[in-house]
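What follows is a short report on a single structure.
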Amino acid sequence: MSDDKTTLGLTPENQDFIDELEPPFGSGLDAARFAMAIAIREGATPGEVSNTNTVWNRGTFDGDGDFRDLVVALYPETNAPYRDIEYFINKGLDMIREHKEESKSLNLQELM
Amino acid sequence: MLHFNSITLENFGPYKGQQQIEFPEQAGVGIIYGENMRGKTTLLNAIRWALFGEILGRGEREISPEELINWESKEEGNHSFRVTLEFEFEGDDYQLIREYRPKTEGVEPNNAEDYTQDGFLRENGTILGPDEQEQRLNTILPRQISRFFLFDGELLQQYQDLLVDQSEMGEKIRLAIERILGVPVLKNGRTDLRTLLDEAESAVADAASKKAETEELGSQIQATQERVKGHRNEVEKLKSERGNLVDKRNKKRAELENIEGIQTQIERRESIEAEIEQLEERLERKEEKLEDVLSDAWYAALDPVLQDRLEELKDQREKLHQGHIDTQVADELAQRLETASRTGTCPVCDQDLEEGDESHLTDEIKSLRETAETDGGSQGEEYDDVVRAIGSLQDVQRTNPKEQINDVLDDLASIRVDIAAKKDDIDEINQNIDESEAKRATSLRKDEEKLTKKIGIKEDAIDSEQEKLTKAEENLDKLQDKLDRMSDGSFTEEKERRKLYEDLFDIFDKGVSSYRDELRDRVEEDASDIFIELTTEPEYARLEINENYGLTIVHESGDRITVRSSGAEHVVALALMGALQNNAPLKGPIIMDSPFGRLDSGHVRNVVEALPNLTDQVLLLVYRDELDQQEAREILGGQLRKEYSMRRESARHTKLVEGGEIDE
């Protein structure tokens, strides 16, 4: 895992979009974690996202390493969990944005 | 005695062009019939405007004269109106003209500022100067007592306020009653004597200060007199200021009453706005709560995945565990079989192996070793990975916040719906009220509140000043007693003068109370007589008067009727009017607008019968259902001197027609 990422970033599109999620989320961090969960639940497979700008270092996002362990538990074959996390965050934000555009509003109850 | 001869209206209210009413010369009753909106109240207002230069609507709201220009004539380019009242008073003939016209000839006026108002009074053909005119009109019919001559039947229930202690309207009417009865004449005399007494006291002090033995005391008295005078002036000044503030507040209140509907709507709007504010505060708190619970939203979304994965891992762990046990068993068994093969004896039963068993054992050992190797191998590492993964998932496991998040979201949605509904209510109110009127009502209410506060401050100041005055007066009395003792035989002339004014002041002071009491008795007696004539209830015995001239019906059993119908209030008020007319130094015409609205036919009959006895000149402004024309003619007979009717030409044009035949 020595090749894993030390920072997490967002695509420019998602960087704009995450601001729209504050509120209802108290912070971009909470929104990003939620987006990550949505992507995993929807069956996204780990991948790589390009053209991101750093937003958090991994210590900020995952101080105790819980999310890293979670990803490893879910995807044991991974060798770069933070790269996967970054991917899931961006993928999840894409999904939420699409949902919002389709339903003309952010319906958290439907998303959950 | 004041007697109206005629009134001529020119483009005033619905009276387009020039129209005249001639009042009968002989004593009796005149009746003008007019349905609603034809201009009965406007006619009463025309007289009021001519006499006092102001027009009051119901609730005493001052109406701007420009509101009273005949609309049709205004559209035709005529922007003036005029009222001419001709009357006699104490043998002199008067012509009073009040005119409202554009300030600049030929320039079309747009608002009240573009108009000018003129008033002329001719006395026996000679025009009086402005001051003289005002003075004369104030003598003929002071505005403060006009309510007893020109009255609106709809406002008769205000007289009920005389029964309420410290009611503002009651106080106003009480003062007007005392004025019509002439009490102020005595009060003015008392005030003048107070001034003379002060001067006489000063003269004594002045004389004392010029004599060596009383010089110091005289100077002290003079200084104290100055202080008393200062406090007295201050009390008067404060009272007058309070009076002005109360008048202002009454006007604001009257205006507010006039726009009561709007006021109610505004209050409703404010109450809804307050509710919205509370809801918005709740919304804010809920949004904060949502932010808080959404920090675990990721878990709510991921929970089913995590649970599935956890189950999967637990199964895997179970399988790995079972495999591990199977390996250990196979290994142990292979070891035992190897021992048997080596020793030729079964380690379990201790029996010797038979021929052929060895090859079977070799095959079995090989198979067991293969099993152990297959299930064993990297089994320990994989098991550890699975256990670690389970640990990771259990570490993040918590109560699913989904339900809590949903509850908060539901609450938020419900609050937002409530806010939207309330905003709709406000929109509806806004559509129903004229915003400029609403602003006026809000500003009036603020003004009224400010004035109430100022009145409170003035009252406190009066109390404090009054206290200082009392102390100063007590001090002055002591000093004067001391001087009298010290100066026995000196300043006799000054002292005699002072004594004379003291006695006169006492006489007037007592006279005011005694005259008031006497008048009150007379008013009570006359009002009772009139009431008995007017009421249809034979068990009512009389009326009882209170300090404020409020009247209570007394039953023949002696019980007081404290709760009475609006009809009864009306009859009592009419009885009071009649009694005041009987006892007032000033006699004049009574013009009543819609006086029978609240009365049943029995009372109407009684009141009509009593009208000719009220005063020499009575003019009724009534609508047809209020007073049956034939019945009025029968009851009044020869006392009915003249009838007019108000004929509708258009919504903005009424024609006064002599004769009581009313057109539809």
Side-chain angles (χ1 to χ4, degrees), chain A residues 1 8 18 20-46 56 60-79 81 84-85 88-89 91-93 95-96 99 105-112, chain B residues 283-314 316-317 320 381-398 400-416:
Chain A
M1 292 189 193
L8 302 172
I18 207 162
E20 291 177 29
L21 298 177
E22 254 182 280
F25 288 92
S27 68
L29 208 59
D30 289 340
R33 287 173 179 156
F34 179 67
M36 177 194 76
I38 293 291
I40 294 172
R41 192 194 62 198
E42 293 305 307
T45 48
W56 309 279
T60 309
F61 188 88
D62 188 25
D64 298 333
D66 284 349
F67 288 108
R68 177 200 59 212
D69 295 345
L70 185 73
V71 167
V72 171
L74 292 173
Y75 306 95
E77 64 285 1
T78 187
N79 55 8
D84 296 343
I85 286 173
F88 288 136
I89 291 170
K91 187 74 185 166
L93 287 169
M95 288 173 175
I96 296 170
H99 161 85
S105 68
L106 180 70
N107 190 331
L108 285 174
Q109 278 160 315
E110 260 182 36
L111 277 167
M112 277 192 308
Chain B
L283 185 73
E284 203 175 309
R285 285 198 298 274
K286 279 284 168 202
E287 279 169 348
E288 283 169 9
K289 175 80 181 160
L290 181 68
E291 285 183 3
D292 190 34
V293 293
L294 280 182
S295 63
D296 278 342
W298 66 270
Y299 188 83
L302 212 48
D303 190 48
V305 176
L306 297 186
Q307 295 306 334
D308 288 351
R309 179 65 180 147
L310 200 56
E311 286 308 307
E312 200 181 299
L313 286 167
K314 281 179 179 171
Q316 209 177 337
R317 182 183 63 184
L320 287 168
E381 200 180 310
E382 193 185 350
Y383 182 81
D384 288 348
D385 285 346
V386 169
V387 168
R388 199 176 302 116
I390 289 172
S392 300
L393 294 183
Q394 281 174 337
D395 280 350
V396 295
Q397 215 172 11
R398 61 198 73 186
N400 190 341
K402 190 172 180 176
E403 207 174 315
Q404 199 188 2
I405 294 172
N406 280 338
D407 285 349
V408 177
L409 287 167
D410 287 345
D411 285 351
L412 277 167
S414 153
I415 295 169
R416 285 186 180 122

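How far CG of A:Leu108 is from CG of B:Asn406: 9.5 Å, rounded to the nearest 0.5 Å. Remark: A:Asn107 CG to B:Leu409 CG distance equals 8.0 Å, nearest 0.5 Å. Here A:Phe34 contributes atom CZ and B:Leu302 contributes atom CG; the two are 10.5 Å apart, rounded to the nearest 0.5 Å.
Of the residues considered (A:Pro23, A:Ser27, A:Gly26), A:Gly26 shows the highest number of contacts with chain B, using heavy-atom pairs under 4.5 Å.
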How far apart are the C-alpha atoms of A:Gln109 and B:Asp410, what are their side-chain angles, what is the distance that settles it, and do they pass the side chain to side chain contact (heavy atoms under 4.5 Å, CB included) test? CA-CA 9 Å; A:Gln109 278 160 315; B:Asp410 287 345; 2.9 Å; yes
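Judged by distance alone, with hydrogens and angles left aside, the side-chain atoms of B:Arg309 form a donor-acceptor pair with the main-chain N or O of A:Ala73 at under 3.5 Å.
Here the shortest heavy-atom pairing between A:Met112 and B:Ile405 reads CE-CG2, 3.5 Å. Shown here for B:Leu294 and A:Asp30, the closest heavy-atom pair between the two residues is O-CB, 4.3 Å.
For B:Leu313, the part lying near chain A is the side chain, with the backbone staying farther off; criterion is any non-hydrogen pair under 4.5 Å.
Atom CD of A:Glu20 has more than 12 neighbouring heavy atoms from other residues, nucleotides or ligands inside a 6.0 Å radius.
Applying the side-chain hydrogen bond (donor to acceptor under 3.5 Å, both in side chains) definition to pairs two or more places apart or across chains, those involving residues 294-303 of chain B are B:Asp296-B:Arg398, B:Tyr299-B:Asp303, B:Asp303-B:Gln307, B:Asp303-B:Asn400.
Of the candidates A:Asp64, A:Asp69, A:Leu70, B:Val396 forms a side-chain contact (heavy atoms from CB on, under 4.5 Å) with just one, namely A:Leu70.
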